[in-house]
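Reviewing the structure listed below.
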Amino acid sequence: METVETLVSITPPAPPGDVTGAPDEGPGRRSLRSQIARLERELADALVSTFDAGLYGRPIAGLQGDSSGVASAATTGAARLLDLGELELLRDDLVERLRRARAPFAAHAELEAQRRVLLERILAEPEVYRFVKIRLPDPGAHNCGTYQVRPRFGLIGMMAGWWHVKLSSGCPLARGRGVRRGPNHSSRSRHGSDD
Amino acid sequence: MRGSVDPLVEAEFPGLTLTYEVVDVVRRKSPREVRDSLDRLAPRINGATAVTLRTSPIVLAYRTFYRQIGLDPDLTPPPAEQAVLDRIYHGGFRPQDSILDAITLAAIETGVSVWALDLHQLAEPLPLHLGSAEGNALRINTSAPIAVTMVQPTTQRAVFYSLAVPGVPQLSVDEALWIATGAVRSGGKVA
């Protein structure tokens with residue numbers, strides 16, 4: 001009985017002026033609207049990041065309109081003032097969209113981490129990973145070269161068990177592979193100059 | 001001119017203002033100056049613009065406002081975003097008519113959303129008033145839903161209006177309305 005009295009005593013009083021006794025939804029609505037604004041901004045950033053990370057072209061769920069979302073009821077019809085429940089539904093839907101929009105980035109980061117672990121193993125024991133080739137396309141953290149386990153001195157190293165890791169020359173040059181030549185050269189050089 | 005906003009709506013969106021201009025119009029092919037302006041703006045917009053557009057503060061503010069009033073900006077984009085998407089899809093701004101081209105011009109130049117209403121279709125006379133009707137629907141002068149352009153082929157007096165939603169400076173709204181009404185009013189002399 002004493003516990004019940006304690007619980008009753010800490011119940012917040014109704015706001016002043018609220019003659020009906022209904023709870024004041026204002027702070028909750030303001031909080032939800034600010035959350036929606038933040039989520040919308042993060043969704044927009046996720047779209048731009050998709051292009052920056054070179055993930056464009058993969059289906060990025062959550063960036064386009066999704067009628068299967070739980071908030072479809074809150075985002076249909078004409079413009080109106082949404083009630084608290086609809087704002088919550090909308091917030092939850094945006095959270096879900098954002099999570100799905102970021103999923104490819106998480107998968108991409110995990111793949112990169114796996115590659116780095118594999119690279120460390122290859123560098124430690126190249127003879128175990130003969131002719132394995134891995135590419136690190138993350139230009140921010142590493143170079144964009146290709147690592148390959150090759151035998152030293154060709155056939156001799158292969159027979160003697162001398163293996164090492166070779167790193168390719170790195171990122172492709174902006175001007176392409178061929179040497180830029182003048183317009184009077186043969187068709188053999190034309191391919192290299194068309195960049 | 002400044003319209004009024006219902007206190008209930010203003011409580012939901014502090015700082016929301018409604019601004020409008022009334023213009024005599026004839027719905028016909030846009031003047032050459034407007035079409036030239038659209039042609040001049042088209043090369044400025046490319047795929048990168050379309051991608052990064054929704055991160056620009058004004059467009060983002062309208063997208064957020066759309067969400068908060070129950071509209072999905074991915075399904076019904078704000079005018080500036082819609083204009084950019086149309087530009088990407090069609091390879092240029094396709095001239096429509098004097099009113100719609102004026103709205104497109106203002107949206108592209110400023111990013112601000114401008115809509116137009118037929119003055120004679122409003123249930124109540126001016127000034128414009130934004131309020132909530134039955135079912136919490138947001139209406140202009142109790143008849144026109146907001147964020148929708150509603151003009152007829154026979155419209156003679158149009159009300160161009162815009163909303164300074166939270167995050168959009170009033171100066172940008174005034175500029176957008178000035179561009180839109182200027183494109184219609186002066187027979188297409190666009191600054």
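Numbered from 1 within each chain, the chains take letters A, B, ... in sequence-line order. Scope of the values below: all heavy atoms of this structure, side chains included, with no hydrogens, waters or symmetry mates.
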Heavy-atom distances under 4.5 Å only: say whether B/Ala137 touches chain A with side chain, backbone, both or neither.
-> both
For B/Gln156, does the CD atom have more than 12 heavy-atom neighbours from other residues, nucleotides or ligands under 6.0 Å away?
-> no
Full working for side-chain contact (heavy atoms from CB on, under 4.5 Å) between A/Arg97 and B/Asp74 = CA-CA 12 Å; A/Arg97 285 191 193 194; B/Asp74 293 323; 3.2 Å; yes
Should B/Val26 and B/Leu119 be regarded as members of a common hydrophobic cluster, given that ILVMFWY residues are connected when their side-chain heavy atoms come within less than 4.5 Å of each other, either directly or indirectly?
-> no
Of all pairs that satisfy ring pair (Phe, Tyr, Trp, His ring centres under 6.0 Å), the ones with a partner from residues 41-64 of chain B, not counting sequence neighbours = none
Side chain A/Arg33, main chain B/Glu12, donor-acceptor under 3.5 Å | yes
Can you name the closest pair of heavy atoms from A/Leu47 and B/Val51 and give their distance?
-> CD2-O, 3.8 Å
Result for side chain to side chain contact (heavy atoms under 4.5 Å, CB included) between B/Arg67 and one of A/Leu90, A/Asp93, A/Leu82 points to A/Leu90
So if you build clusters from Ile, Leu, Val, Met, Phe, Trp, Tyr with side-chain heavy-atom gaps below 4.5 Å, do B/Ile45 and B/Leu85 land together?
-> no
B/Tyr20 with B/Val114, same ILVMFWY side-chain cluster at under 4.5 Å | yes
Nearest heavy-atom contact between B/Thr55 and A/Ala44 is CG2-O, 3.7 Å
Under a 4.5 Å heavy-atom cutoff, which of B/Leu8, B/Ile146, B/Thr52, B/Thr64 has the most pairs with chain A?
-> B/Thr64
Kindly work out whether a path of hydrophobic side-chain contacts (I/L/V/M/F/W/Y, heavy atoms less than 4.5 Å apart) joins B/Leu171 to B/Trp178.
-> no
In terms of heavy-atom contacts, does CZ of A/Phe131 have more than 12 from other residues, nucleotides or ligands at under 6.0 Å?
-> yes
Chain B contact via A/Arg41 - side chain, backbone, both or neither, heavy atoms under 4.5 Å = both
For B/Leu71 and A/Ala78, the nearest pair of non-hydrogen atoms, with its separation, is CD2-C, 4.1 Å
Same apolar cluster (I L V M F W Y, side chains within < 4.5 Å links), A/Leu111/A/Ile122 | no
Do any of residues 148-158 of chain A have a heavy atom less than 4.5 Å from a heavy atom of chain B, and if so, which, in residue order?
-> none
Considering only heavy atoms, which portion of B/Ala61 lies under 4.5 Å from any heavy atom of chain A: side chain, backbone, both, or neither?
-> neither
Partner of A/Glu40 under side chain to side chain donor-acceptor pair (under 3.5 Å), picked from B/Arg63, B/Gln68, B/Arg54, is B/Arg63
